[in-house]
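Here is the structure we will look at.
Throughout, a chain's letter reflects where its sequence line sits, starting with A, and its residues are numbered from 1.
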Amino acid sequence: MHSIKDIRQNPDLFLENIKKRFINIDLKKILKLDENNRKLIQQKETLEKEKKDISKKKDKSLFEKSKQISEKISKFNDEQSIIKKELESILSSIPNIALKDVPIGKDESFNKEIFKKGEIPEFSFKPKSHYELGEGLKMLDFDLATKTTGSRFVFVKDKLAQLERALANFMLDTHTKNNGYKEISPPLMASDASMFGTGQLPKFENDQFEIKFDESSGRKFLIPTAEVILTNMVKEQIINHKDLPMRLVASTPCFRKEAGSYGKDTKGMIRQHQFYKVELVSIVEPNQCLDELERMTNCATKILDDLKLPYKKIILSSGDMGFSAEKTYDIEVWLPSENKYREISSCSSCGTFQAKRMKARYKNNNNETNFLGTLNGSGLAVGRTLIAVLENYQDKDGSIKIPNILKPYMNNLDKITRN
RNA sequence: GGAGAGAUGGCUGAGCGGUUGAAAGCACUAGUCUUGAAAACUAGCAAAGGGGCAACUCUUUCCUGGGUUCGAAUCCCAGUCUCUCCGCCA
């Protein structure tokens with residue numbers, strides 16, 4: 001959320017930044033609302049002062065006047081709160097501003113590659129897709145999921161289920177032991193306020209699964225990513241700078257409607273309503289955001305290095321970035337069957353954008369209270385990593401070699417073959 | 001599901017109709033002392049918003065929303081959340 005103060009003080013800069021995002025914002029309307037809002041506040045405060053003075057004097061002859069003032073105040077109050085609400089609703093649906101080094105462009109075609117790494121495997125045969133491999137092994141079952149649940153779900157069975165768990169555990173171990181992240185096992189549902197805090201609400205409500213509770217309780221949503229719940233751990237708090245940075249990692253299921261992607265990736269488990277993801281979240285002083293983003297991205301790519309999976313790192317263009325991000329790196333892993341790279345991680349700095357929505361602050365060493373910086377990144381998407389392992393480690397007979405680093409997690413199994 | 005208790009500043013915790021933005025303690029910051037540190041002492045220390053070039057000043061805020069009153073952290077109503085005990089249950 002952008003603060004109206006910043007917009008008021010520097011409308012041109014703001015307008016320019018908004019253009020980079022290729023969205024329409026009626027800046028004039030915002031400024032007009034702000035002006036009216038402040039005018040009403042002034043009028044209201046003058047009356048409030050008057051009223052306060054009367055009650056301090058305790059002069060009975062003025063009591064009647066004070067009553068009249070109260071009525072006037074409540075009129076101004078009503079008027080002002082309407083304007084304030086409108087102003088806030090506009091402000092809350094404006095995305096974060098892209099940083100200077102973010103390539104400008106309206107969609108993913110303007111994303112820029114930073115580097116490629118790893119050896120693309122050569123096959124003496126035509127490499128199969130992960131779902132052909134998984135179904136061949138009888139360890140991925142999409143039809144069964146359709147029967148029990150519906151489309152975009154999958155049963156992972158037997159050794160592949162174990163492999164999926166091995167991947168998540170390997171990632172968690174790496175991030176906790178080597179990268180300084182604290183492991184969290186969080187709730188998988190979040191309140192509407194938390195969803196607002198990280199930016200899923202109000203604009204992207206259609207992508208979220210809402211859970212029906214008893215009528216008296218507040219709205220709750222299945223988390224689309226652990227980012228929501230981990231980031232909101234500092235919501236409405238004032239953190240001591242000595243406790244920063246906070247680095248959190250969680251392996252959780254994620255739930256997404258994928259509303260806007262009908263017909264996209266309908267085959268296989270690339271795009272599911274439910275998938276496991278190991279998520280990294282960092283809470284830092286705002287001036288540390290960019291350094292932390294590099295660090296976090298390195299933590300993510302290290303997993304791929306260890307798994308010996310080929311990947312490339314790209315920086316997203318201004319138009320392709322998520323709502324809350326000011327700068328985003330995507331990591332894309334090589335999928336032989338598609339003969340291209342596919343997203344497996346996305347690491348973003350959100351600057352103070354989410355913190356302002358969450359009212360998450362910290363005291364710096366001058367004892368001043370400021371908004372925190374927040375970052376999030378996948379480290380990595382477990383389901384897609386499973387896909388990448390299947391496809392990159394496949395043999396001609398449809399069996400899957402186990403990456404060396406995962407063997408301790410797989411009882412030293414070398415290979416997954418059909419039973 | 002039944003019966004109670006509570007929600008106050010970064011934290012703990014007083015206040016229960018009138019300079020209370022709010023005692024006290026802890027934490028934090030600065031200073032004195034010390035070779036340094038600790039301890040002790042002294043001082044400072046809430047947030048949001050408005051006005052002003054600024055010094056500064058005004059308003060709001062004691063869970064949320066209503067109400068009573070000239071005046072509410074304090075009284076009344078509704079709601080949310082938390083805790084304790086009993087029951088039920090993974």
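- B:U8 sits 7 Å from B:A73 when the C1' atoms are compared, rounded to a whole Å.
- Here the separation of B:U60 from B:C77, taken at their C1' atoms, is 24 Å to the nearest Å.
- Rounded to the nearest Å, the gap between the C1' atom of B:C56 and that of B:C81 is 40 Å.
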Would you give me the side-chain donor-acceptor pairs under 3.5 Å for residues 194-203 of chain A, sequence neighbours excluded?
residue  : atom : partner  : partner atom : Å
A:Ser194 : OG   : A:Ser191 : OG           : 3.4
A:Thr198 : OG1  : A:Ser194 : O            : 3.2
A:Thr198 : OG1  : A:Gln200 : OE1          : 2.7
A:Lys203 : NZ   : A:Ser93  : O            : 3.3

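- For the segment residues 74-97 of chain A, the set of residues with a heavy atom within less than 4.0 Å of an atom of RNA chain B is empty.
- Between A:Lys44 and A:Phe371, the one whose closest nucleotide on RNA chain B sits nearer the 5' end is A:Phe371.
- Rounded to whole Å, the distance from CG on A:Asp192 to C1' on B:C81 is 14 Å.
- Atom pair A:Tyr362:OH and B:C28:P shows a separation of 18 Å (rounding to whole Å applied).
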Can you name the atoms? Protein N/O to nucleotides 70-72 of chain B N/O, anything below 3.5 Å, with the distance.
residue : atom : partner : partner atom : Å
B:C70   : OP2  : A:Lys67 : NZ           : 3.4
B:C70   : O2'  : A:Ser66 : OG           : 2.6

Would you be so kind as to tabulate the donor-acceptor pairs closer than 3.5 Å made by side chains of residues 29-42 of chain A, with sequence neighbours excluded?
residue : atom : partner : partner atom : Å
A:Lys29 : NZ   : A:Glu86 : OE2          : 3.3
A:Asp34 : OD1  : A:Arg8  : NH2          : 3.2
A:Asp34 : OD2  : A:Arg8  : NE           : 2.7

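- Applying the side chain to side chain donor-acceptor pair (under 3.5 Å) test to A:Glu16 and every residue at least two apart in sequence or in another chain returns nothing.
- Distance noted for atom P between B:C88 and B:A7: 32 Å (whole Å).
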TODO: Decide side chain to side chain donor-acceptor pair (under 3.5 Å) for A:Thr225 and A:Lys277; before the verdict, give the C-alpha distance in whole Å, the side-chain angles of both, and the deciding distance to 0.1 Å.
DONE: CA-CA 8 Å; A:Thr225 158; A:Lys277 181 156 60 71; 2.8 Å; yes
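- Applying the salt bridge (charged side-chain N to carboxylate O under 4.0 Å, His left out) rule to pairs touching residues 43-52 of chain A yields A:Lys49-A:Asp53, A:Glu50-A:Lys65, sequence neighbours excluded.
- In this structure, the NZ atom of A:Lys220 is 10 Å from the C1' atom of B:U80, given to the nearest Å.
- If you take CG of A:Asn240 and P of B:A46, they are 16 Å apart, rounded to a whole angstrom.
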Open item on the list: I'd like to compare against my own output: the B/S/- annotation of nucleotides 49-58 of chain B with a strict under-4.0 Å heavy-atom distance to protein.
Closed with: BSS------B
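- Rounded to a whole angstrom, the distance from the P atom of B:A5 to that of B:C28 is 38 Å.
- B:U42 and B:G50 have their C1' atoms separated by 36 Å, with the value rounded to a whole Å.
- Residue A:Asn364 contributes atom CG, which lies 13 Å from atom C1' of B:C45 at whole-angstrom precision.
- Taking the P atom of each, B:A27 and B:U80 are spaced 39 Å apart, rounded to whole Å.
- Aromatic rings of A:Tyr311 and A:Tyr341 (six-membered ring for Trp) have centroids beyond the 6.0 Å cut-off, not under it.
- Between the side chains of A:Glu183 and A:Thr176, no donor N or O sits under 3.5 Å from an acceptor N or O.
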Taking only distance into account, with no hydrogens and no angle test, what donor-acceptor pairs under 3.5 Å do side-chain atoms of residues 142-150 of chain A form with protein atoms, sequence neighbours excluded?
residue  : atom : partner  : partner atom : Å
A:Thr146 : OG1  : A:Phe142 : O            : 2.9
A:Thr148 : OG1  : A:Leu144 : O            : 3.3
A:Thr148 : OG1  : A:Ala145 : O            : 3.3

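- For A:Lys242, the side chain to side chain contact (heavy atoms under 4.5 Å, CB included) test picks out A:Asn240, with sequence neighbours left out.
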Show me the donor-acceptor pairs, under 3.5 Å and distance only, between side chains in residues 283-291 of chain A and residues at least two apart or in other chains.
residue  : atom : partner  : partner atom : Å
A:Glu285 : OE1  : A:Tyr362 : OH           : 3.4

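- The CD atom of A:Glu236 sits 15 Å away from the C1' atom of B:G10 (whole-angstrom rounding).
- One interatomic measurement links the two molecules: CG of A:Asp6 to P of B:A48, which rounds to 13 Å at whole-angstrom precision.
- Among the atoms of the strands shown, only primed sugar atoms or phosphate atoms (P, OP1, OP2) are found under 4.0 Å from some heavy atom of A:Lys242.
- Residues in residues 244-257 of chain A take part in these side chain to side chain donor-acceptor pair (under 3.5 Å) pairs, two or more places apart or across chains: A:Arg247-A:Glu292.
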- [ ] Represent RNA chain B in dot-bracket notation, 5' to 3'. Only Watson-Crick or G-U wobble pairs with both distances under 3.5 Å count; pseudoknot-style crossings use [ ] and interstrand partners use |.
- [x] ((((((((.[[[..)..(.....]]].(((((.......))))).((((((....)))))).[[[[[..)....]]]]])))))))....
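- Salt bridge annotation for A:Asp395-A:Lys415: present, with a cationic side-chain nitrogen under 4.0 angstrom from a carboxylate oxygen.
- Residues A:Asp6 and A:His2 have side chains that never bring a donor and an acceptor to within less than 3.5 angstrom of each other.
- For the 3.5 Å distance criterion, the side chains of A:Thr297 and A:Glu294 fail to qualify, holding no donor opposite an acceptor.
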Open item on the list: For A:Thr328 and A:Ser348: C-alpha separation, side-chain torsions, deciding distance, then whether side chain to side chain donor-acceptor pair (under 3.5 Å) applies.
Closed with: CA-CA 4 Å; A:Thr328 299; A:Ser348 300; 2.8 Å; yes
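- Only the P atoms considered, B:C63 is 14 Å distant from B:G13, to the nearest whole Å.
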